[in-house]
Number of protein chains: 2
Amino acid sequence: MARIVMKFGGTSVANLDRIRNVARKVAAMLDAGHEIAVVVSAMSGETDKLVGYVREAAELYDPREYDAVVATGEQVTSGLLAIVLQSMGRRARSWSGWQLPIRTDDAHGAARILDIETAPMLAAMAAGEVAVVAGFQGVSAQGRVTTLGRGGSDTSAVALAAALKADWCDIYTDVDGVYTTDPRIVPRARKLAQITYEEMLELASVGAKVLQTRSVEMAMKHGVRVQVLSSFEDKPGTWVVDEDEIVEQELIAGVAYARNEAKITLINVADRPGVVAAIFGPLADANLNVDMIVQNVSHDTGTTDVTFTITRTDLPRTLDLLERLRDTLRYERVISDANVAKISVVGVGMKSHAGVAQRMFKALADKGINIQVISTSEIKISVLIADDYTELAVRALHSAYGLDALDAAE
Amino acid sequence: MARIVMKFGGTSVANLDRIRNVARKVAAMLDAGHEIAVVVSAMSGETDKLVGYVREAAELYDPREYDAVVATGEQVTSGLLAIVLQSMGRRARSWSGWQLPIRTDDAHGAARILDIETAPMLAAMAAGEVAVVAGFQGVSAQGRVTTLGRGGSDTSAVALAAALKADWCDIYTDVDGVYTTDPRIVPRARKLAQITYEEMLELASVGAKVLQTRSVEMAMKHGVRVQVLSSFEDKPGTWVVDEDEIVEQELIAGVAYARNEAKITLINVADRPGVVAAIFGPLADANLNVDMIVQNVSHDTGTTDVTFTITRTDLPRTLDLLERLRDTLRYERVISDANVAKISVVGVGMKSHAGVAQRMFKALADKGINIQVISTSEIKISVLIADDYTELAVRALHSAYGLDALDAAE
């Protein structure tokens, strides 16, 4: 007998037929003798519809009212799933964020969970009742409804699993697990049986959006074992667990790419103390999110070149801001390139193995792909290349690190 | 300076343009120096959609979950109206039923309001903030969301007006008041400036659905002055008030009709004690709502004829039930007629005036309309006639009681 949190996303509960499918999965786990809490998202499209109403109501809206409106989508799904479970002869009840309650801070629209009252839910679960919890939401100390930000139901589920001391947390979604890379680019991509929290975080940060980043951080912090699996198929998914749990550690867990990057280089910036802060402070103030940063060694002229990447859609706003900062920064000129992609290899194995970066550089060089910028973390190496070479680079790296499946259908 | 509750129904808040129109009306009252609480329904169509989801989820559903799902519609509207009011520079906040709270019993789907916590709302209103309250809902002692039944937002508004000791309660709707009769039948129908609670209740019971019956009962009990007016036009509506407030009392307030009636007569029922209970007990148990009942004097044979009316759509089920009760009731045969209509004249004036009924009977006789059944209350006379004569009868009575407007556009 285990205590399990099962989370179902918007596409898994998009209509009553799919909610019935979810109920069958829940009932099967309940019948196997487990104690079950379920976290549900809004039916897909509902949250967008509600957000659309709010935006239509006012451009600048009170985030407290936004939350009151948008949190209703999950309340609807939780009630409907409870009804379907009851119609299948199981005991179930819905819980809104304010009913448990799930207490959060008052950062409306992006609230953080402070604690979850679990006593009534635990008693009900012990008595065989499924607790169906509305995801994405909580309640502030002021008694106002809060939401956790888009994708927040993943975080609700992991936080609930931690609070309930659940044995694990199953995140049901529309993919069946985490892959070594995008199967649309590499048909020989393999589904990973296991991945570490750290690798999952790095993959999320470079574009492989399977779990909300904050939910992975929370799982890592509280040691919640998470399984990502499909709500449309009946097979094991990918376990996201602590490094210690992984017996056969691969060198590299996966190859990821992000195509929504743009590169900017400031040529001949005066190389004086504080110049980098003078560049990136105003960008941060303008909510322009900078990713990779490279500063070359000084020229003899006492100037330097600074290169950085931003989200591609932010390029016009960033160039505009830099133009206005020209007198302050005293750079010679700006070069920008919107046709770049970031390719990353991620794996905790590289912490204890030399030559991982070298293998990446060689594989790309063999294909004649020029590396524009390099950035590394403890378990990740990212390079910026011309966008056109994205698929070629991903395939080359996937092979170079021995990730290709032997029996994939091509 | 007055304290006012303004209530807006589903068609008045059907989309953002209409919600902006509502906000302008609210802002105008606020700017006139009044303290304002607003009660809103769900956007029209939303409640039906949510009820549809519940029914699709299961035929027999847990009414607690039904309420959790269906109450979300009003929560959405209250948040959106608060946002629009803010965008117009006014202070506003939304309140869900559980937030105030509006405490109800646990009769889910048809809950009764027990009391309303008004202190925080009154403080906010005194400080110039509009309190936007989600109608139709409350919270039980068990902390579950409850709803008041269809049309319950009228009841929310009147209950709130009573709890806030409001000076009056404006019910904005898609008609501009209460008319002497249906203007589609009688173009010379007049909008009433005033009507008593009792008359409003009788009119509601005979088909003139402007206010939910329970809201009128509550207004009468607590002495809440209610105004019914249009949310699409800027002119006074009809005041629903105590009899004492009405200076110039008309003999008759209005003529109403109901076409969804069917008549059943049981011929030669054994005339013994308890026979009426034997007929109507099983009908009530089967949720078949009986309206008028007439029992003729006994025949010499020791039998009697019993005639009653029911909702037309219930006719097949009722006939089926009576057939199964044949041996118990020992009647000779059943006659039924689905082509009947009930015509009623309503007015507190008839309490103190003789000849009101006689004028009705004469007006109908003059047009050759046969009266099949008569039923009276202290302030209402209803007759059952052949459906085909409905319009003719309504027009004849409207003239007979001097209700025709002099200047109506025909």
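By convention in this document, chain letters (A, B, ...) are assigned in the order of the sequence lines, proteins followed by strands, and residues within each chain are numbered from 1.
Contact of M88(B) with chain A is not made at all, since no heavy-atom distance falls under 4.5 Å. For L50(A), the part sitting under 4.5 Å from any heavy atom of chain B is the side chain, from C-beta outward, and nothing else. At a 4.5 Å heavy-atom cutoff, the contact between A92(A) and chain B is made by backbone atoms alone.
Residues V133(A) and V38(A) fail the side-chain proximity criterion, which asks for heavy atoms closer than 4.5 Å. Between V139(B) and I102(B) the shortest side-chain heavy-atom distance does not fall below 4.5 Å. Within the 4.5 Å cutoff, side-chain heavy atoms of M6(B) are placed close to those of I36(B). Here the side chains of V26(B) and L85(B) are in contact, with some heavy-atom distance below 4.5 Å. Side-chain atoms of L81(B) and V13(B), non-hydrogen and from C-beta on, never get closer than 4.5 Å to each other.
For the pair V39(B) and G135(B), the tightest heavy-atom approach, listed with the atom from each and the gap, is CG1-CA, 3.7 Å. The two atoms that bring M1(A) and G33(A) nearest to each other are CG-O, 2.7 Å, heavy atoms only. Scanning all heavy atoms of the two residues, the minimum distance from V5(B) to A166(B) falls at CG2-CB, 4.1 Å.
Options I19(A), L16(A), V70(A), V84(A) differ in how many heavy-atom pairs under 4.5 Å they form with chain B, and the most are formed by L16(A). Of the listed residues (A134(A), A68(A), G143(A)), the one with the most heavy-atom contacts under 4.5 Å to chain B is G143(A).
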Would you list the atom pairs in which one atom of chain A and one of chain B form a donor-acceptor pair under 3.5 Å?
from, atom 1, to, atom 2, distance (Å)
R20(A), NH1, E56(B), O, 3.0
E56(A), O, R20(B), NH1, 3.0
D62(A), OD2, Q86(B), NE2, 2.9
E65(A), OE1, S94(B), OG, 2.6
E65(A), OE2, S94(B), N, 2.9
Q86(A), NE2, D62(B), OD2, 2.9
S94(A), N, E65(B), OE2, 2.9
S94(A), OG, E65(B), OE1, 2.5
Q99(A), NE2, G143(B), O, 3.0
G143(A), O, Q99(B), NE2, 3.0

